[in-house]
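To start, the structure under review is shown below, and the notes come after it.
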Amino acid sequence: MVQVGINRDGYRVEMETFSSIEKLDEIESVDEVSTDRPIEFLNEAYDKSDDLNPDEEQPIITVRSANKSYKSIGSKDAPKVLNDFNMTVPKRAIYALLGSSGSGKTTALSCILGLRNLDEGEIKVFGTDPANVAGQNIGYMPQDLCLYEYLTVVETLQYFGQIYGMDPSTIDESIQFLVKLLNLEDVTNLASTLSGGQKRRASFAIALIHKPQLLILDEPTVGVDPVLRERIWSYLRSLTDTQNVTVIITTHYIEEARQSHMIGLMGNGKLLYENAPGTLLRQTGSRLLADAVLQVYQRFESEESTGFKSLEQGNNFKESESGRAVNSSQNHTSEQRTSAKMIFAKRDNPNLNGGPVSKTSCSGDGSVKTLLPTARRTIGSLLKRNFIQMTRNPYYLSFLLILPAIQVLAAVIAIGGHPRDTNLGIVNHELKLNESQLASKFLLSSCQDGFYSCRYLKLVPQNDARLHFFQSEEQAINAVKDSSIAAFIIFPGNFTTHMKDRIVFNNFAESETLEGSQIELRRDMTGVKSVFGLKFNALRLFNIIIYNNIMQMYYLSYGFMKSKYVLVE
Ligand SMILES: Nc1ncnc2c1ncn2[C@@H]1O[C@H](COP(=O)(O)OP(=O)(O)OP(=O)(O)O)[C@@H](O)[C@H]1O
């Protein structure tokens, strides 16, 4: 089948179209185009939309009275981006959504995809809420490209194929086809090195890779040369004609929308007109779709400024048999009808706007048995993608490698490491040291092992702490204040006796016993670094002495220590 298009110089070009993967080989010579016929031939060749027969019985998407605004924090009255927006996309149709920049096309598409929620209104996709539609059934090409910088085009396509649960041979087959279709020559190049047009084509390929039932394409032909653009449209037509696919496409190239089955014109968040492009051409008496669309907008603007007019008042569009007004649907509410501003002709085909919607079956039955392999594949492909990305990005990789070292360093700087040569005070009420003993620097060797406090202190490694004995807590606090010691430990009088009682009576021990079997660590919190380490160390020693010497025998748990802090100003 010969398809006719227009080249950059306004000349007619011809090329063969194809409708399936098998036929792709036949159209490899897309460069062999004829440029010898002027633009006049174009209109006739393009104007095929009325011959098309999308399955009008089954709208695949219906949008009713949709309202949406982007509310930012603090702003109460954000303008409506979708303002009582209605839309009906028949099954197996190419639906071109046209409108000026900022008219709300992308917003409408993102709501249809379930990426954004409406403020009011209803959207049905495959007869259900968009949130319930399985990803496999939809191919979406966003305006912002969805490529991974450090993956090649092939790897990206493989990744998405796996995510969609395709088997490797089908993925390869699809990739081969899409490479030819979209002239993706440099498929082994990283996405970051592709030109803008190449990136768009790769993004388009991602939307097509899993052969979805519904394609939503946000300006797929931007930056694509006219011959390839024509080829893309031919392919979309073949998908709708032969493979039951439905396409919604946005474009700023109005003439190319002649190849769609339906056009929807958006303005100020409303759908102003919805019909076959051929019908619009007839209604407006235009030869170019751009002229016809312009007339619609002019009419809309004049009605906006003069107030609403009824259809009969000043409608100079020719009526068409199949023409239909977007907002005058019999299925719409009276409020919707009141809000209709642009009415071209009566709607003769009730099937287009409403009726039951068939629900496409999702792949798999949703049971754990079928979900598990899919989940495994998805996790596998995610891991593979992350691994490739990581290994190709030297900065990221080096960061990942040194991250644990940075974390350890930060922890050491913040809380301090193992204490070394810390001056540790001891107030041991068990020993009842007198002034002369303290003055002559009481030595640990004089501490008798019968006291558990002595056993404890003998476990303190000499490198970690130098012990300084004090008679009272006040003396120790003063030492902390003048920085002679960083912390001190208090052993209560009869510590050993209370410890033994506690072990014997366990949960039935009296509060005096519980109090008397605790040691206190008081620390100078102005030097957070060293005292954190001290606490850990003191606890560890306490645990060792108690556990090794006593508790192990009775199978008791430990945790008798409490700490108090001294803040030195
Ligand atoms: N995330 C957002 N937050 C706030 N405002 C937004 C956001 N996205 C879009 N808008 C605003 O909503 C309006 C419609 O944007 P939208 O992208 O839907 O238009 P569009 O018709 O797709 O435009 P274009 O043809 O240029 O892509 C614009 O005024 C835009 O600034």
Side-chain angles (χ1 to χ4, degrees), residues 61 63-89 94-123 125 130-131 138-147 196-197 199-201 203-204 206-207 214-224 229 232-233 236 247-260 262-274 277 280 289-290 292-294 296-298 300-301 304 326-327 339 341-342:
I61 295 169
V63 184
R64 296 287 174 265
S65 307
N67 286 290
K68 168 86 190 159
S69 52
Y70 291 101
K71 293 181 188 74
S72 53
I73 300 163
S75 75
K76 277 184 190 163
D77 300 318
K80 282 187 176 178
V81 176
L82 297 182
N83 186 3
D84 210 10
F85 176 76
N86 295 295
M87 181 181 179
T88 307
V89 182
I94 300 179
Y95 187 112
L97 188 59
L98 309 177
S100 55
S101 182
S103 56
K105 301 181 295 294
T106 303
T107 304
L109 295 187
S110 60
C111 291
I112 288 169
L113 283 158
L115 300 175
R116 293 187 194 284
N117 292 324
L118 292 176
D119 299 336
E120 286 167 21
E122 183 193 67
I123 296 180
V125 180
I138 299 185
Y140 175 46
M141 178 187 170
Q143 243 176 54
D144 313 318
L145 306 170
C146 53
L147 301 173
K199 282 180 180 167
R200 286 209 87 72
R201 279 180 278 148
S203 256
F204 188 26
I206 291 169
L214 173 62
L215 267 173
I216 297 186
L217 310 170
D218 204 352
E219 301 188 18
T221 51
V222 169
V224 173
R229 207 185 301 159
I232 288 172
W233 274 94
L236 295 179
V247 180
I248 304 181
I249 185 169
T250 69
T251 178
H252 285 285
Y253 304 114
I254 294 179
E255 283 313 313
E256 72 179 6
R258 287 178 89 137
Q259 299 198 65
S260 62
M262 296 276 286
I263 54 169
L265 304 186
M266 270 194 93
N268 292 351
K270 288 182 188 297
L271 198 70
L272 309 177
Y273 182 83
E274 187 179 63
L280 177 62
L289 192 57
V293 168
L294 189 65
V296 174
Y297 283 113
Q298 282 170 344
F300 177 66
E301 274 170 19
E304 280 271 271
V326 173
N327 289 318
S339 69
K341 294 180 184 174
M342 195 72 188

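Note: hydrogens, waters and symmetry copies are ignored here, and every other heavy atom, side chains too, is used. Ligands are counted one by one from 1 in listed order, and the atoms in each one are counted from 1 as well.
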Does the side chain of T221 come under 3.5 Å of the side chain of E256 through a donor N or O and an acceptor N or O?
yes
Rounded to the nearest 0.5 Å, what's the gap from CG on L98 to NZ on K105? Could you check?
8.0 Å
Within a distance under 4.0 Å of any heavy atom of S103, pick out the atoms of ligand 1 and give their elements.
19 (O), 21 (O)
the protein heavy atom lying closest to atom 15 (O) of ligand 1 turns out to be T107 OG1, 3.9 Å
Drop me the distance from R116's CZ to K68's NZ, to the nearest 0.5 angstrom.
6.0 Å
Atom indices of ligand 1 within 4.0 angstrom of S101 heavy atoms, with elements:
23 (O), 24 (P), 25 (O), 26 (O)
Separation of T251 OG1 from D218 CG (nearest 0.5 Å)
10.0 Å
Please state which part of R116 comes within less than 4.0 Å of ligand 1, counting heavy atoms only: side chain, backbone, both or neither.
side chain
E274 side chain to M87 backbone, donor-acceptor under 3.5 Å
no
Distance, nearest 0.5 Å, that separates CG of N268 from CG of L82:
11.5 Å
May I ask you to check whether G104 has an N/O atom sitting below 3.5 Å from an N/O atom of ligand 1?
yes
Atom CG of D84 and atom CD of E120: how far apart are they, to the nearest 0.5 Å?
9.0 Å
If we number the atoms of ligand 1 from 1 as shown, the ones under 4.0 Å from a heavy atom of H252 are 25 (O)
Atom 25 (O) of ligand 1 - nearest protein heavy atom and its distance
K105 NZ, 2.8 Å
To the nearest 0.1 Å, how far is atom 10 (N) of ligand 1 from its closest protein heavy atom, and which atom is that?
Y70 CE1, 3.3 Å
Applying a heavy-atom cut-off of 4.0 Å, say which part of E219 lies close to ligand 1: side chain, backbone, both or neither.
side chain
Under 4.0 Å, heavy-atom basis, I'd like to know which part of T106 is in contact with ligand 1: side chain, backbone, both or neither.
both
Say you draw a straight line from CD1 of I216 to CD1 of I61; how long is it, rounded to the nearest 0.5 Å?
5.0 Å
Atom 30 (C) of ligand 1 within contact range, any protein heavy atom under 4.0 Å:
no
Short version for S100: what comes under 4.0 Å of ligand 1, heavy atoms counted, is backbone
Do ligand 1 and G102 have nitrogen or oxygen atoms that lie under 3.5 Å from each other?
yes
Using a distance threshold of 4.0 Å (strictly less than), state whether atom 19 (O) of ligand 1 has a protein heavy-atom neighbour.
yes
Is a side-chain donor-acceptor pair under 3.5 Å present for D119 with S69?
yes
Short side-chain donor-acceptor distance under 3.5 Å, Y70 and T107:
yes
How far is atom 12 (O) of ligand 1 from its nearest protein heavy atom, and which residue and atom is that?
V81 CG2, 3.4 Å
Give the residue and atom name of whichever protein heavy atom lies nearest to atom 27 (O) of ligand 1, and the separation in Å to one decimal.
Q143 NE2, 2.7 Å
